[in-house]
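What follows is a set of notes on a single structure, which appears directly below.
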Amino acid sequence: MRLRRTLPVVAGLALLAGCAPTQSAPAGGGGDDKTGTVRVWLFDEANRAPKEAAVKEAITEFKAAHQGVEVDVQWVPVEGRADKFSGAFNDPANAPDVAEFGNTDVSNYAATGALADLTGDLAAWPEGKDLIPTVLDTAKSGGQTYGLPWYTGIRALYYRTDVFTELGLKPPATLAELTDTARRIRAAKPDLYGISVGGKYTYAMLPFLWANGGELAQEQGGKWTSAVTGEQAKAGVTQYANLLKDDICPPAQCANLTGTQSVTAFAGGKAGMTIGGDFNRKAVEQGAVKGKYAVVPIPGTTAGSTAPAFAGGNLLGVFKASKHRSLALQFVELLGGAKYQEKMYTAMGNLPTLGSVQQKLAANDPFLKPFVDTLKAGTKFVPATPAWSKIDSQNVLPTAVQQIATGGKDPAAALADAAAAMNKAFG
């Protein structure tokens, strides 16, 4: 879900977790009052001031165009969102009109029946045609669209330019070269991880799985079934797990690393490479490697190819119980439109979901190019089912990666266990 340069910990929590409850809730009778207060829930930040300033500007513009209307924003801690949203699902009278939420939570939230279907609204929105299709897909569940993608987050390969120059290395062109390069860095500089990655960093592992032709799961007749025991999936997971070895990133230190911790190690000067998002830029800039790093897309299995990245991000949605549906939708379209997507990038580093805004920003900021190129090459997403949040919260895939990395189980056995747990969650 959330992708930020300012707070990687929050970014990880929001992007990766899908811990909202899936119980059905009374949808509540909505309305379309044209005056009154539009209640908005947005995620809080460690450094909220830049985000809050951009939102306040949007509110001022919105109120100027809607006499008799107020906008009340509540800042919701990401870590406490499950309880907050659960309360809104079960008590529509206390639900907001507009809410920010992560795309990994969409299926969970949609299952409650509490969110408005925005499919037709976004199709009619003039700027809607500029939404990147693969990003828009992450807002869908059961063929319906439940939010306007506000920003997206893509991961790429960060590497130390000083280390690469000293050792005569080039950015890896394939995943096999990435492994070899990481091993060479570790051999030449034993005080560094060749690449800092973690056993608990699922969204760094997925490009390896997908690049090798594997899939997480398959859907047939509305039923999901795990696909991680397939030979291509097994090859991809194993290739990633093999980075967690003593000659690259020792499992004693790396098996329990999360995404945030992996990036923090790189930012602190402890690794030659890492897999990080556009939202990790500020953390890296504030670290020991400032001015000594560059970014390229994660390579695929063949030279010139790009591994599919996980398309994380956050949405702006409307609650079905809203008494101000038109106003709520108009505020969503203002805050999620080109003007404020650009302002949010300036404020927070959020990668826009509108293609024209992305292209404009990338033309003026070379750092964005590898992330935009990765988006163009094609992204993928987790299974669009409420079961995914259970699979994610149970650490099903991290457990398999850790078992393979530490030698606790061979890949076939570890992934067979993972598949069984996934299929139990799928039902």
Side-chain angles (χ1 to χ4, degrees), residues 1-4 6-28 38-48 51-52 55 72-116 118 138-139 141 146-153 202-203 258-260 277 279 310-322 328 331-332 335-336 344 348 350 381-382 384-395:
M1 129 192 209
R2 169 112 195 60
L3 304 151
R4 287 227 340 61
T6 304
L7 184 59
V9 173
V10 172
L13 285 169
L15 273 169
L16 309 186
C19 60
T22 58
Q23 72 267 25
S24 297
V38 177
R39 298 177 61 230
V40 179
W41 287 359
L42 298 176
F43 286 131
D44 203 356
E45 313 286 349
N47 179 18
R48 192 174 76 200
K51 179 177 182 178
E52 189 168 10
V55 171
D72 175 47
V73 175
Q74 290 187 31
W75 298 96
V76 178
V78 173
E79 297 88 341
R81 76 191 189 282
D83 289 341
K84 187 77 170 176
F85 276 82
S86 178
F89 296 152
N90 288 291
D91 184 6
N94 289 316
D97 299 289
V98 173
E100 175 185 2
F101 51 92
N103 57 16
T104 55
D105 286 330
V106 168
S107 292
N108 249 350
Y109 291 1
T112 70
L115 298 180
L118 302 184
T138 69
S141 180
Y146 289 97
L148 190 165
W150 195 12
Y151 51 86
T152 189
T202 299
Y203 296 94
T258 63
T260 296
F279 46 90
F310 167 73
N314 277 18
L315 319 171
L316 295 170
V318 175
F319 268 70
K320 193 180 292 184
S322 171
F331 186 73
V332 163
L335 197 56
M344 285 296 293
M348 307 298 291
N350 299 337
F381 198 55
V382 296
T385 164
W388 175 254
S389 63
K390 185 175 182 179
I391 293 167
D392 195 31
S393 66
Q394 291 177 341
N395 290 315

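Only heavy atoms go into these numbers, but all of them, side chains included; no hydrogens, no water, no symmetry mates. Since the structure is predicted, the reported quantities are computational estimates derived from the model, not experimental observations.
Interatomic distance, M344 CE to N350 CG, rounded to the nearest 0.5 Å: 4.5 Å. Taking CG from N90 and CZ from F85, the interatomic distance works out to 13.5 Å, rounded to the nearest 0.5 Å. Here the CD-CG distance, from Q74 to L42, works out to 10.0 Å after rounding to the nearest 0.5 Å. Atom CG of L335 is separated from atom CG of L148 by 9.5 Å, given to the nearest 0.5 angstrom. Note that the CG atom of D392 and the CG atom of N108 stand 10.5 Å from one another [nearest 0.5 Å]. In this structure, CD on E52 lies 8.5 Å from CG on D44, to the nearest 0.5 angstrom.
Looking at every heavy atom in both residues, L315 comes nearest to P149 through CD2-CA, 3.6 Å. The two atoms that bring L118 and L316 nearest to each other are CD1-O, 4.3 Å, heavy atoms only. Here the shortest heavy-atom pairing between A328 and V38 reads CA-CG1, 4.5 Å. Residues G102 and F43 come closest through the heavy atom pair N-CE1, 4.2 Å. The minimum heavy-atom distance linking P96 with A88 is given by the pair CD-CB, 4.2 Å. Closest of all the heavy-atom pairs between A116 and Y146 is O-CD2, 3.6 Å.
Judged by distance alone, with hydrogens and angles left aside, the side-chain atoms of S107 form a donor-acceptor pair with the main-chain N or O of T385 at under 3.5 Å. The closest donor-acceptor contact from the side chain of T152 to the backbone of A311 lies at 3.5 Å or more, if one exists at all. In this structure a side-chain-to-backbone donor-acceptor pair under 3.5 Å is missing from S322 to F319. No donor-acceptor distance shorter than 3.5 angstrom exists from the side chain of N314 to the backbone of W150, with no hydrogens or angles considered. A donor-acceptor pair is defined here as one N or O able to donate and one able to accept, closer than 3.5 Å; no such pair exists between the side chain of W75 and the backbone of E45. For R39 (side chain) and V98 (main-chain N/O), no donor-acceptor pair under 3.5 Å exists by modelled atom type.
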Pair D105-R81, salt bridge (charged side-chain N to carboxylate O under 4.0 Å, His left out): steps then yes or no = CA-CA 11 Å; D105 286 330; R81 76 191 189 282; 3.0 Å; yes

message = For L115 and V318: C-alpha separation, side-chain torsions, deciding distance, then whether side-chain contact (heavy atoms from CB on, under 4.5 Å) applies.
response = CA-CA 6 Å; L115 298 180; V318 175; over 6 Å; no

request  = Go through the steps to decide whether V55 and V73 satisfy the test side-chain contact (heavy atoms from CB on, under 4.5 Å), and finish with yes or no.
outcome  = CA-CA 9 Å; V55 171; V73 175; 4.2 Å; yes

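The aromatic rings of F381 and F310 sit parallel, their planes meeting at an angle under 30°, below the 60° perpendicular limit.
For N395, the side chain to side chain donor-acceptor pair (under 3.5 Å) criterion is met by no residue, not counting sequence neighbours.
Here the two rings, on F101 and W41, have centers that are 6.0 Å apart or farther. Ring centroids of Y109 and F89 are separated by less than 6.0 Å, placing the two rings close together.
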